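Note sheet for the following structure.
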There are 2 protein chains.
Amino acid sequence: MVKRLTTKDKILNAAEALFAEHGFEQTSLRQITADAQVNLASVNYHFGSKKALIQAVMARYLEVLMPALHQELQTLSQQPQITTRAVFDCFRGPLQELIHVCRQGPTIFLSLLGFAYTEIQGHLRRYTMAHFGDVIQLLLTLLHAANPQLSPAEMFWRLHFVLGATVFAQVSGPALREIAAADFGEAIEADDVLERLIPFLAGGVDAPSK
Amino acid sequence: MVKRLTTKDKILNAAEALFAEHGFEQTSLRQITADAQVNLASVNYHFGSKKALIQAVMARYLEVLMPALHQELQTLSQQPQITTRAVFDCFRGPLQELIHVCRQGPTIFLSLLGFAYTEIQGHLRRYTMAHFGDVIQLLLTLLHAANPQLSPAEMFWRLHFVLGATVFAQVSGPALREIAAADFGEAIEADDVLERLIPFLAGGVDAPSK
DNA sequence: TTTAAATTAAAACGCATGTTTAAAATGCGC
DNA sequence: GCGCATTTTAAACATGCGTTTTAATTTAAA
């Protein structure tokens, strides 16, 4: 005897799917509530505001991803030798675990992350830093250990280039996969994009600085 | 005796500045016309629609950048040896020339490009391909020559990772430079970001594929 | 069963957007 | 200086947004 989905969860599920496809600002509460088959006003009743809904959608993923990632990074940090590639490989597992939040979870999360960074500048970045700042710090530390020749400032920038390439690949993912399929006759899955991405990122971070 | 700026140009200038700072969708025609000190309706009179205005703003840059880039790539294509780094260095000059369109032209253009890709998915990409498809094709050819070991599909994806990192670096540029300045005490100019970016991109493209 | 709280529902509010309209102003060849 | 085409202006339009309100309904404890 399964309990029917609560209104709150119906909203979260519908919002997440629409956010991941069209972005936060481009998705209206009316679309969300129509998809979720709930009343428009229930969003503000259960979440207070659209902004709070966005945070709730993101939190559902971050609260799964961040602890898992933290543990992976902790384990890696006890290794004698640390490579950039090993650091990025730490993301694999935790990202895959997101399928427990939702089918297509990894892809959806990265899309959300992309829109979060390009749309609402401070808002969500501050939330992430406040709640999971230690994970980010550990990540930076490990990347620096893997590349001691790079200055902290250099590493800061490269990490954001990494984020940019990742996020962009996901946001433009559907359109690009379409083009790729047409031009190269191969159907490329979202997970494959990550496979192609990681070597690229590691190569970029490890590159000589001049 | 200088002619006063025409209404059309006043709109273009104001729109460009606001688009580069806040993106296309986040900028309203009322903000634009207020900054330009022209009437609201004149945008639709001179350009027909907001979408057409966006295209006009981008065209002003693309028509300067693309021929210059095309020539650089042509010159490079006659070299016996082609490296990834050399391909990316072809962008330096043409990008710098954009200061003739407008002071801060290079930065503004890259910001516009960023928003163009993240916001209006097809629209502008189709325009670019239609008008400057040969330049893009040449770019892909040269990158393949520099990395014959990579399959066309692989190169396709890496080129888009490149675009993602670039675009993201510019869009998040102001916010990130602020953080960097606070954390590392160094004031980083927009041009410096490009200096840091190019080695990263070349390293990523040249990375082994597995 | 009664009653108070929690939830859902329909409607409206206030505001901002891109666009259109129609009149006023301006520029310019004759 | 006249007359016509171009341009500018102010106002309104239609639409969509997030949010609020108020009433109806459901839920669950007494």
Side-chain angles (χ1 to χ4, degrees), chain A residues 1-59 112 115-116 118-124 127, chain B residues 1-59 112 115-116 118-124 127:
Chain A
M1 166 77 192
V2 285
K3 174 82 162 49
R4 277 286 297 276
L5 279 171
T6 148
T7 298
K8 207 168 174 176
D9 283 330
K10 283 198 274 187
I11 293 173
L12 279 174
N13 291 336
E16 160 184 305
L18 287 167
F19 285 158
E21 192 174 351
H22 304 114
F24 299 113
E25 328 236 298
Q26 295 298 319
T27 303
S28 71
L29 295 185
R30 283 170 174 82
Q31 289 176 257
I32 293 168
T33 52
D35 274 31
Q37 303 196 73
V38 302
N39 188 272
L40 167 63
S42 53
V43 171
N44 279 277
Y45 176 78
H46 285 288
F47 296 94
S49 69
K50 183 181 179 179
K51 190 182 277 190
L53 171 62
I54 293 172
Q55 280 211 12
V57 169
M58 285 303 287
L112 294 175
F115 287 117
T118 58
E119 288 184 11
I120 36 180
Q121 308 93 355
H123 181 240
L124 213 43
Y127 169 83
Chain B
M1 168 74 192
V2 283
K3 175 75 161 49
R4 278 283 299 275
L5 280 171
T6 143
T7 298
K8 207 168 173 176
D9 283 331
K10 283 198 276 187
I11 293 173
L12 279 173
N13 291 335
E16 160 185 305
L18 287 168
F19 284 159
E21 193 174 352
H22 305 114
F24 299 113
E25 328 240 296
Q26 295 300 317
T27 302
S28 72
L29 295 184
R30 285 170 173 81
Q31 289 176 259
I32 293 168
T33 53
D35 274 31
Q37 302 197 73
V38 302
N39 187 273
L40 168 63
S42 51
V43 171
N44 278 278
Y45 177 78
H46 286 286
F47 296 94
S49 69
K50 184 181 180 181
K51 188 181 278 190
L53 171 62
I54 293 174
Q55 280 211 14
V57 168
M58 286 303 289
L112 294 175
F115 287 117
T118 57
E119 288 183 10
I120 36 180
Q121 308 94 353
H123 182 241
L124 212 44
Y127 170 84

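Because the structure is a prediction, the values reported are computed rather than measured. Below, each value reflects all heavy atoms present in this structure, side chains not excepted, and no hydrogens, waters or symmetry copies. Chain naming here is simple, since letters A, B, ... match the order of the sequence lines and numbering starts at 1 in each.
- Listed here is the closest heavy atom pair of B:K10 and B:Q37: NZ-O, 4.2 Å.
- The two atoms that bring A:A56 and A:L12 nearest to each other are CB-CD2, 4.0 Å, heavy atoms only.
- Between B:E25 and B:K50, the shortest heavy-atom contact is O-NZ, 3.9 Å.
- Across all strands shown, A:S28 has heavy atoms under 4.0 Å from sugar-phosphate atoms exclusively, and none from any base.
- Every residue two or more places apart in sequence or in another chain that forms a side-chain contact (heavy atoms from CB on, under 4.5 Å) with B:L40 is listed here: B:L29, B:R30, B:T33.
- Considering only residues two or more places apart in sequence or on other chains, B:A15 meets the side-chain contact (heavy atoms from CB on, under 4.5 Å) condition with B:F19, B:I32, B:L53, B:V57.
- Under the rule for a side-chain contact (heavy atoms from CB on, under 4.5 Å), the partners of B:A41 that lie at least two apart in sequence or sit in another chain are B:N39.
- Each of B:V38 and A:Q31 was matched to the nucleotide of DNA chain D holding its nearest heavy atom; the match closer to the 5' end belongs to B:V38.
- As a whole-Å value, the separation of A:F24 CZ from D:dG18 P is 14 Å.
- Across all strands, A:T33 comes closer than 4.0 Å to no nucleic acid atom at all (heavy-atom distances).
- Residues passing the side-chain contact (heavy atoms from CB on, under 4.5 Å) test with A:A17, sequence neighbours excluded: none.
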Each nucleotide of nucleotides 19-25 of chain D classed B (base within 4.0 Å of a protein heavy atom), S (only sugar-phosphate) or -, in 5' to 3' order, makes BBB----
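- Of all nucleotides in DNA chain C having an atom under 4.0 Å from a heavy atom of chain A, the first and last in 5' to 3' order are C:dA6 to C:dA12.
- The distance from atom CG of B:N39 to atom P of D:dT8 is 9 Å, rounded to the nearest whole Å.
- Of all heavy-atom pairs between A:F47 and A:A52, the closest is O-CB, 3.1 Å.
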